[in-house]
Amino acid sequence: MAVVLCEGGKAMETEILSVKLRELDETVGQLHSRIERSQAVSRSKRQAELEAVRQDCAEAEQTLRSRMRFSRSGFVRELTEACDELERAAKHAYGRVCTTRSEAEGEHPNAEESILLAEYALDFAMQAANRALALSLEAMNRQPEPSEREET
C-alpha cells in the first residue's frame with residue numbers, strides 16, 4: 001500500500017482515523033443529548049423518538065454490514081460474521097427473557113431490567129471504543145516514521 005502524505009506530513013490512513021474519531025465524538029454527543037431530552041418528554045414523544053432511533057440504527061447497520069461484506073479484507077469478512085453471530089445471540093437472549101416473562105406474567109421486562117440492559121449496552125460500547133483506540137494505535141505504529149517515508 002502506498003503511503004500518501006497529507007499536509008503536515010501525516011499519512012492519509014492516519015487522517016482517516018481522526019475523521020472517524022470526530023464522527024464518534026459527534027455521535028456520542030448526540031446520544032447524550034437525546035437521552036437527556038427524552039427524560040423530560042411524554043411517553044408518546046419518547047416512543048416516536050424510539051422509532052426514529054430504531055430506523056436510523058437499521059439504516060446505519062445495513063450500510064455498515066454492506067461495506068463490511070464487500071471488503072477485500074478477509075479479516076473484515078470474518079469480523080462481520082462474528083458481529084452477526086453476536087447480534088443473533090443478543091436478540092435470542094432478549095427474546096427469551098421477553099417470552100418467559102410474557103408467558104409467566106403477561107408483560108415484557110420491567111423498567112429495572114431494561115435499564116440494566118441499556119447500562120450493559122453502554123458498557124459494551126465503551127469497550128468497543130477502547131478496542132478501536134488500541135487498533136488505531138496499532139495501525140499508527142505500523143505506519144512508517146516520517147524519516148522512513150522520506151527515504152522511500
Side-chain angles (χ1 to χ4, degrees), residues 1-38 46-103 108-109 111-152:
M1 163 173 58
V3 175
V4 179
L5 297 180
C6 295
E7 190 174 323
K10 284 186 176 177
M12 185 177 292
E13 291 85 3
T14 305
E15 272 304 303
I16 291 169
L17 299 176
S18 295
V19 169
K20 287 294 185 181
L21 185 56
R22 282 191 291 279
E23 288 177 12
L24 178 61
D25 284 342
E26 183 179 310
T27 300
V28 169
Q30 289 172 353
L31 174 122
H32 191 255
S33 295
R34 286 173 111 167
I35 289 173
E36 284 186 344
R37 280 193 319 265
S38 294
R46 253 192 321 273
Q47 185 62 36
E49 176 77 2
L50 174 59
E51 294 306 319
V53 167
R54 284 181 174 157
Q55 181 65 34
D56 291 346
C57 285
E59 290 171 7
E61 182 177 350
Q62 183 68 22
T63 299
L64 177 61
R65 290 197 187 285
S66 178
R67 285 182 27 222
M68 290 174 76
R69 277 195 174 78
F70 295 109
S71 174
R72 293 177 299 197
S73 169
F75 172 76
V76 172
R77 285 190 302 274
E78 196 172 317
L79 182 62
T80 302
E81 291 172 15
C83 288
D84 289 344
E85 187 176 323
L86 179 60
E87 184 70 24
R88 280 190 300 275
K91 285 179 180 178
H92 175 75
Y94 185 71
R96 194 174 66 234
V97 168
C98 289
T99 302
T100 302
R101 286 190 60 94
S102 63
E103 289 172 354
H108 291 289
E112 184 178 335
E113 289 171 325
S114 294
I115 292 289
L116 186 60
L117 180 62
E119 179 184 349
Y120 278 112
L122 290 169
D123 288 341
F124 283 123
M126 285 186 281
Q127 186 63 22
N130 285 329
R131 283 193 182 108
L133 170 62
L135 289 169
S136 297
L137 293 172
E138 287 175 15
M140 284 185 247
N141 278 344
R142 291 186 175 128
Q143 293 290 319
E145 292 292 326
S147 60
E148 293 171 341
R149 287 184 198 132
E150 292 169 5
E151 294 171 7
T152 56

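Side chains included, hydrogens not; waters and symmetry mates left out as well; all remaining heavy atoms used.
The CG atom of Leu50 sits 10.0 Å away from atom CZ of Arg46, with the distance rounded to the nearest 0.5 Å. Between Leu117 atom CG and Leu122 atom CG the span is 10.0 Å, to the nearest 0.5 Å. Rounding to the nearest 0.5 Å places CG of Leu64 at 7.5 Å from OG1 of Thr80. Put simply, CG on Asn141 and CG on Leu137 are 7.0 Å apart, with the number rounded to the nearest 0.5 Å. In this structure, the separation between CG on Leu135 and CE on Met140 is 10.5 Å, given to the nearest 0.5 Å. To the nearest 0.5 Å, atom SG of residue Cys83 and atom CE of residue Met68 are 4.5 Å apart.
Among residues two or more places apart in sequence or in another chain, the salt bridge (Lys or Arg N to Asp or Glu O under 4.0 Å) test is passed with Glu81 by none. Checked against salt bridge (Lys or Arg N to Asp or Glu O under 4.0 Å), Arg77 has no partners two or more places apart in sequence or in another chain. With sequence neighbours excluded, the residues satisfying side-chain contact (heavy atoms from CB on, under 4.5 Å) with Val53 are Arg34, Glu49, Cys57. Residues that satisfy the salt bridge (Lys or Arg N to Asp or Glu O under 4.0 Å) test with Glu87, not counting sequence neighbours, are Lys91. With sequence neighbours left out, the salt bridge (Lys or Arg N to Asp or Glu O under 4.0 Å) criterion links Arg72 to no other residue. By the side chain to side chain donor-acceptor pair (under 3.5 Å) test, Gln47 pairs with Glu51, sequence neighbours left out.
Shown here is Glu61, whose CD atom has more than 12 heavy atoms of other residues, nucleotides or ligands within 6.0 Å. No more than 12 heavy-atom neighbours from other residues, nucleotides or ligands sit within 6.0 angstrom of CD1 on Ile115. Atom CD of Glu138 has more than 12 heavy atoms from other residues, nucleotides or ligands within 6.0 Å. Within a 6.0 Å radius of CD in Glu85, no more than 12 heavy atoms belonging to other residues, nucleotides or ligands are found.
Put simply, the side chain of Asp84 reaches to within 4.5 Å of the side chain of Arg65, judged on heavy atoms. Counting only heavy atoms from C-beta outward, the side chains of Val19 and Arg22 approach each other to under 4.5 Å.
The backbone N or O of Glu59 lies less than 3.5 Å from a partner atom in the side chain of Thr63, making a donor-acceptor pair.
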